[in-house]
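The block underneath contains the structure these notes are about, expressed in structure tokens.
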There are 2 protein chains.
Amino acid sequence: METTASTLSRKAQIDQTATALFRTRGFAATSMRELATALGIEAGSIYSHIRSKEEILHRICFRMADQFFAGFANATQDDTQPAAVRLRRAIESHVRVLTLDVAASAVFLHEWRHLSEAARNEFLTLRERYEVNFRRLIQQGIEAGELHAPDAAFAALTLLASLNWLPNWFKPDGKLTPDDIAHRLADQLLLGLAHS
Amino acid sequence: METTASTLSRKAQIDQTATALFRTRGFAATSMRELATALGIEAGSIYSHIRSKEEILHRICFRMADQFFAGFANATQDDTQPAAVRLRRAIESHVRVLTLDVAASAVFLHEWRHLSEAARNEFLTLRERYEVNFRRLIQQGIEAGELHAPDAAFAALTLLASLNWLPNWFKPDGKLTPDDIAHRLADQLLLGLAHS
DNA sequence: CCTACCGATCGGTAGG
DNA sequence: CCTACCGATCGGTAGG
């Protein structure tokens with residue numbers, strides 16, 4: 001009952017601090033001692049809140065996955081819209097999730113390989129399903145004559161790759177808002193660089 | 001003199017085996033014992049050929065950087081060509097370097113953060129310079145009316161992000177040759193997904 | 001949340 | 001290239 005909106009639980013603090021460390025130094029190169037020091041406590045104390053180092057990574061990765069899925073579902077649920085419009089909205093949603101927490105996004109994108117094999121397989125299945133969602137949207141757009149691409153799978157991979165580079169350079173306090181960026185990315189990917 | 005074209009020097013063997021391990025398990029999570037086992041020797045023996053674990057990573061990263069720069073210079077040296085054509089050739093060169101050794105490319109793209117601070121700074125300076133090369137090419141294309149984009153820097157980042165995702169899915173024995181892929185990528189990035 | 005500690009493993013070296 | 005080893009550090013635990 002002491003907890004206010006601005007006070008993170010100790011567990012949430014651990015997650016947040018670990019996210020920043022995992023992002024800059026990598027999961028394997030980050031020690032629990034470093035994490036403890038950053039939190040201002042002793043290494044052993046962390047284990048009253050979590051079971052293992054991997055558990056933190058697991059939570060970060062799967063929380064982000066949930067957000068991407070929820071955002072996509074919400075952005076594309078309106079079937080009355082053309083596929084190209086729904087694709088635009090899906091792109092905007094993806095960018096919004098990425099920019100809301102760039103550190104967690106970077107961990108989600110790069111550190112999943114350090115999950116245990118079982119968790120890693122589950123993670124990759126989710127990622128594959130998410131890619132299929134984009135692929136299907138592009139495929140629908142092709143069939144409706146709104147989009148053109150020799151291969152929807154290829155197009156989906158390229159599109160997501162462009163979006164996922166964002167955590168590498170996005171600064172929350174920059175001139176461009178997440179929505180500005182989303183629009184530019186969508187324009188560039190949909191319209192191309194060549195003058196028409 | 002025993003060395004034939006198909007026989008790698010021990011040092012080259014170490015680099016190659018380490019590249020594969022660094023790629024799948026990450027630099028920090030790969031131990032010198034694992035590397036030794038993969039080579040069929042004892043851990044201590046590696047140090048007759050190299051000075052440190054980081055030296056291997058250093059060589060992989062900077063060798064790839066050299067290849068990207070050499071390829072770009074070669075692809076864009078003909079000033080009589082339009083900027084859009086030179087950009088296409090630069091894309092093809094980049095894809096060629098990536099596909100020639102996807103494992104080394106993946107290490108180059110993801111593991112540079114484990115270089116020592118001095119080497120890391122040098123590496124990032126090179127990467128920045130490479131990106132500027134693409135940015136300038138795009139800028140020239142915009143000024144010549146061959147390309148259109150609200151921001152050349154933004155366009156360059158997005159373009160390279162799409163290309164650099166390649167090592168994550170490219171299979172050397174797949175149906176598409178590197179040149180096929182380069183053409184498709186160039187088409188998609190230059191022409192866009194939207195029907196014109 | 002701390003103190004004190006566990007066994008395991010790390011990168012690297014000396015001497016042959 | 002191996003054997004034998006170094007000091008340091010790792011993730012994690014017991015007991016308070």
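This structure is a prediction, so every number in the text was calculated from the model and none was measured. Proteins come first, then strands; the chains are lettered A, B, ... in the order of their sequence lines, and each starts at number 1.
For the pair B/S45 and D/dC2, the criterion of a side-chain N or O lying under 4.0 Å from OP1 or OP2 is met. Between B/Y47 and the phosphate of C/dT13, there is no side-chain N or O to OP1/OP2 separation shorter than 4.0 Å. Here A/R51 does not reach the OP1 or OP2 of D/dG12: none of its side-chain N or O atoms lies under 4.0 Å away.
The line from OG of A/S52 to CD1 of A/I46 is 11.5 Å long, rounded to the nearest 0.5 Å.
Between the NE2 atom of B/H58 and the C1' atom of C/dG11 there is a distance of 18 Å, given to the nearest Å. A/I46 has its CD1 atom 12 Å from the P atom of D/dC10, to the nearest Å. If you measure from atom NZ of B/K53 to atom C1' of C/dC10, you get 8 Å, rounded to the nearest angstrom. D/dT9 atom P lies 11 Å from atom CD of A/E34, rounded to whole Å. We find that CE of B/M32 is positioned 19 Å from P of D/dT9, with the value rounded to whole Å. The interatomic distance linking A/H49 (NE2) with D/dG11 (P) rounds to 18 Å, in whole Å. Summarising the geometry, the separation between CZ on B/R25 and C1' on C/dC10 is reported as 13 Å, rounded to the nearest angstrom. If you measure from atom CG of B/L39 to atom C1' of D/dC1, you get 12 Å, rounded to the nearest angstrom.
Under the 6.0 Å cut-off for aromatic ring centres, A/F108 and A/F123 qualify, their centroids lying closer than that. Less than 6.0 angstrom separates the ring centroid of B/H94 from the ring centroid of B/F68. Checked against the 6.0 Å centroid criterion, the rings of A/F154 and B/W169 qualify as a close aromatic pair. You'll find the ring centres of B/F134 and B/F72 inside the 6.0 Å limit.
The two atoms that bring A/E146 and A/A84 nearest to each other are OE1-N, 2.7 Å, heavy atoms only.
Counting only Watson-Crick or G-U wobble pairs whose defining distances are both under 3.5 Å, the stems of 3 or more consecutive pairs in DNA chain D are C:1-16 with D:1-16.
The 12-atom threshold is not exceeded at CD of A/Q16, counting heavy atoms of other residues, nucleotides or ligands nearer than 6.0 Å.
Distances from the side chain of B/S52 to the nucleotides C/dT3, D/dG11, C/dG12 place C/dG12 closest. Out of D/dC2, D/dG11, C/dT3, the shortest distance to the side chain of A/E42 is found at C/dT3.
Mapping B/E54 and A/R33 onto DNA chain C by nearest heavy atom places A/R33 at the nucleotide closer to the 5' end.
Note on A/S31: only backbone sugar-phosphate atoms sit closer than 4.0 angstrom, heavy atoms only; bases stay farther off.
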